[in-house]
2 protein chains.
Amino acid sequence: MSTINDVSRLAGVSKATVSRVLSGSRGVKEASRLAVLKAVDELNYRPNVIAQSLLSQSTGCIGVICAQDNINQTTAYLYALEKHLSQSQKHLLLRFANTKAGVMSALEELTCGLCDDVLIIGARFPLNINDENVILVDCAESDTPNSIQFDHAFAAETACNFLISQGRRQIALIHPDARGSTDQVLLGYKHALENNFLPFNRNLVFMDDTSSSVALQVLLNNATTLNFNALLVADEQEAQRVIPQLQAFNKSVPGDIMVFSLAGSLHLPGVPKIPAIEYSMDAMAARIVAWLNEKTQSVLGSCVVRGDLIIPEMIKR
Amino acid sequence: MSTINDVSRLAGVSKATVSRVLSGSRGVKEASRLAVLKAVDELNYRPNVIAQSLLSQSTGCIGVICAQDNINQTTAYLYALEKHLSQSQKHLLLRFANTKAGVMSALEELTCGLCDDVLIIGARFPLNINDENVILVDCAESDTPNSIQFDHAFAAETACNFLISQGRRQIALIHPDARGSTDQVLLGYKHALENNFLPFNRNLVFMDDTSSSVALQVLLNNATTLNFNALLVADEQEAQRVIPQLQAFNKSVPGDIMVFSLAGSLHLPGVPKIPAIEYSMDAMAARIVAWLNEKTQSVLGSCVVRGDLIIPEMIKR
DNA sequence: CTGTTAGCGCATTCAT
DNA sequence: ATGAATGCGCTAACAG
């Protein structure tokens with residue numbers, strides 16, 4: 001790879017002039033400008049970004065640590081993020097980590113000058129990070145100054161109101177505690193019931209660490225007394241686990257029981273579509289990148305994102 | 001962020017000594033070693049990797065340009081690659097690109113000193129790249145010196161032999177030309193038929209650009225005369241598109257027609273499992289990273305990877 | 001054993 | 001308008 005010295009020598013000018021031409025040529029004689037351009041073309045020269053980074057103290061690299069267990073959701077994130085980052089001339093440095101130790105070690109490796117900022121996505125474990133340049137996205141903890149959260153209470157409330165509007169007044173809820181947003185979900189759930197003058201039935205709600213499969217079995221064992229006709233689950237992965245199980249017990253979906261996902265639904269042919277709250281990855285990414293760009297001016301604050309209610313055609317009426 | 005100067009000042013030694021201590025302390029007095037370590041700890045100092053990169057002329061960054069349209073396959077790739085790369089102290093710089101122009105522009109941006117090497121994955125369009133530091137993985141073109149290809153002929157042959165062993169002798173094949181490996185697939189298909197003394201029926205094979213949906217309709221319209229009982233498709237995405245369509249025509253899968261995917265199958269609950277050829281992403285990634293690490297010694301050559309035959313439990317007998 | 005010096009490639013002064 | 005010099009943070013070579 002040729003350097004700025006090669007170009008300056010070939011063009012018969014100084015390094016400074018070459019640099020001037022390449023970065024907003026202003027106050028450079030046309031003749032030497034052309035000479036530089038010619039030399040650049042001949043040598044196929046491109047400035048070394050590492051040297052530029054050392055000087056400017058910024059690399060344009062954004063670390064993204066994916067801590068989600070739901071791998072499908074991850075892809076949507078990455079795709080949207082990369083699109084917006086590259087539009088801002090930034091680079092996406094990818095890392096996966098399932099544990100707190102893993103996240104911290106990845107963070108260490110990325111923040112030694114390599115990355116200007118780091119995004120941590122979907123961590124379900126608390127991690128006490130207090131770094132101006134680290135942004136938590138959809139993470140369990142909210143103490144960190146820079147974080148983007150989903151409004152899970154709002155999602156649960158919307159879900160219930162929708163189900164009730166569909167004549168489903170016995171709504172079961174399976175939402176393992178591990179997801180970290182359990183409290184909020186319960187809040188929204190209860191709120192919707194209250195607003196619709198419906199009683200809260202403790203037996204319809206499963207929020208402890210028992211597997212969703214076990215929870216569902218309990219529900220089905222008591223189906224005759226509980227008589228539930230709707231089921232709220234945490235995400236589309238849970239939904240696809242739960243639906244075959246319901247069908248195995250001769251419960252039709254959505255006929256007998258309407259399953260609702262509180263976070264996204266799969267858009268795959270062959271997979272049954274269900275109503276869900278979906279968070280626009282594109283909007284999220286746009287927001288994040290906007291923050292990254294304007295960081296110098298406005299201080300980053302916490303931010304809460306609300307999802308969209310998506311209803312499959314076959315359910316609409 | 002503190003620099004080596006801060007550390008040397010605080011420890012009362014020179015920069016060189018600090019550097020020596022941090023990178024394999026050899027020939028350093030214990031006293032000054034401890035002083036340095038203490039200063040490092042106090043200042044929470046970590047060497048700036050960008051400065052190191054400028055000196056060593058290598059960043060440890062590997063660019064990965066994903067050109068695949070099958071987004072699900074991508075995640076598996078990325079996950080495996082990141083795992084192996086981070087084990088080798090390397091960083092994964094992610095890019096998506098759907099067009100040749102997109103790939104080339106991403107390549108430009110990554111090869112200005114930022115990335116030591118670049119992987120291009122799953123490009124279905126020819127791109128004439130002849131760069132020592134660019135590796136093509138599962139790309140349409142094979143002229144490039146550094147490339148990893150899947151053995152599609154082998155996959156097709158294995159698939160046919162399996163299906164024939166299952167008593168399926170009328171094997172339809174839908175494999176759009178856009179995938180770039182069509183020739184090889186046809187080769188393996190024909191080879192298997194020959195070896196089993198079965199005739200080649202041109203009407204069972206669809207390899208032009210017509211959509212797989214149309215191809216399937218043609219097949220179904222002629223089902224009575226063709227009487228096919230197996231269907232080979234390019235990948236699991238195609239499979240999931242095709243299966244509901246077959247069922248809509250009252251063809252049971254795999255009862256009436258066994259669908260076989262030539263590249264991976266979805267392992268999602270609720271999605272019907274089908275027999276498939278699967279390529280181990282982990283093995284691939286291990287191989288790629290091994291290349292990356294030993295590049296100085298052995299010249300990279302082309303390499304062909306064969307997939308594994310995966311048969312769902314319910315089909316095994 | 002350790003300090004001084006030089007230089008990686010570049011952009012930005014400050015002179016001219 | 002342009003060239004020489006400086007320094008970003010670090011390591012390697014050379015002296016002591």
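Per chain, numbering begins at 1; letters A, B, ... match sequence-line order.
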Under 3.5 Å, side chain of [X] to main-chain N/O of [Y], donor-acceptor pair present?
| X | Y | result |
| --- | --- | --- |
| Ser280(B) | Ala283(B) | yes |
| Ser86(A) | Gln89(A) | no |
| Thr59(A) | Leu114(A) | yes |

How close or far is atom [atom2] of [N] from atom [atom1] of [X], stated in whole angstroms?
| X | N | atom1 | atom2 | value |
| --- | --- | --- | --- | --- |
| Gln52(A) | dT12(C) | CD | C1' | 13 Å |
| Leu43(B) | dG9(D) | CG | P | 14 Å |
| Ile4(A) | dC8(C) | CD1 | P | 13 Å |
| Lys15(A) | dG7(C) | NZ | C1' | 10 Å |
| Leu22(A) | dA11(C) | CG | C1' | 11 Å |
| Gln57(A) | dC10(D) | CD | C1' | 12 Å |
| Ile50(A) | dG7(C) | CD1 | P | 22 Å |
| Leu55(B) | dT11(D) | CG | P | 8 Å |

Legend entry - Spatial distance of atom SG (Cys61(B)) from atom NZ (Lys90(B)) [nearest 0.5 Å]: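 Rounded to the nearest 0.5 Å, the SG-NZ separation comes to 9.5 Å.
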Inset, instruction - Give a yes/no on whether any side-chain N or O of Ser32(B) is located under 4.0 angstrom from OP1 or OP2 of dT2(C). - result: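 So the side chain of Ser32(B) is within the cut-off, an N or O lying under 4.0 Å from OP1 or OP2 of dT2(C).
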Legend entry - Val49(A) or Ala16(B), whichever maps to the more 5' nucleotide of DNA chain C: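 The residue whose closest nucleotide sits nearer the 5' end is Ala16(B).
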Of all the nucleotides listed ([options]), which has the minimum atom distance to the side chain of [X]?
| X | options | value |
| --- | --- | --- |
| Arg20(A) | dG9(C), dT2(C), dT13(C) | dT13(C) |
| Ser19(A) | dA11(C), dT2(D), dC10(D) | dA11(C) |
| Leu54(A) | dC10(D), dG9(D), dG3(D) | dG9(D) |
| Asn48(B) | dT2(C), dT2(D), dG9(D) | dG9(D) |

Inset, instruction - For Thr17(B), report the nucleic acid contact type (base, sugar-phosphate, nothing); a contact means any heavy atom under 4.0 Å. - result: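 Sugar-phosphate, backbone atoms only, no base.
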Inset, instruction - Indicate, with a heavy-atom threshold strictly under 4.0 Å, whether Ser23(B) touches base, sugar-phosphate, or nothing. - result: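 Here Ser23(B) touches no strand at all.
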Inset, instruction - For residues Ser32(B) and Val13(B), report the shortest heavy-atom separation together with the two atoms involved. - result: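 That would be CB-CG1, 4.0 Å.
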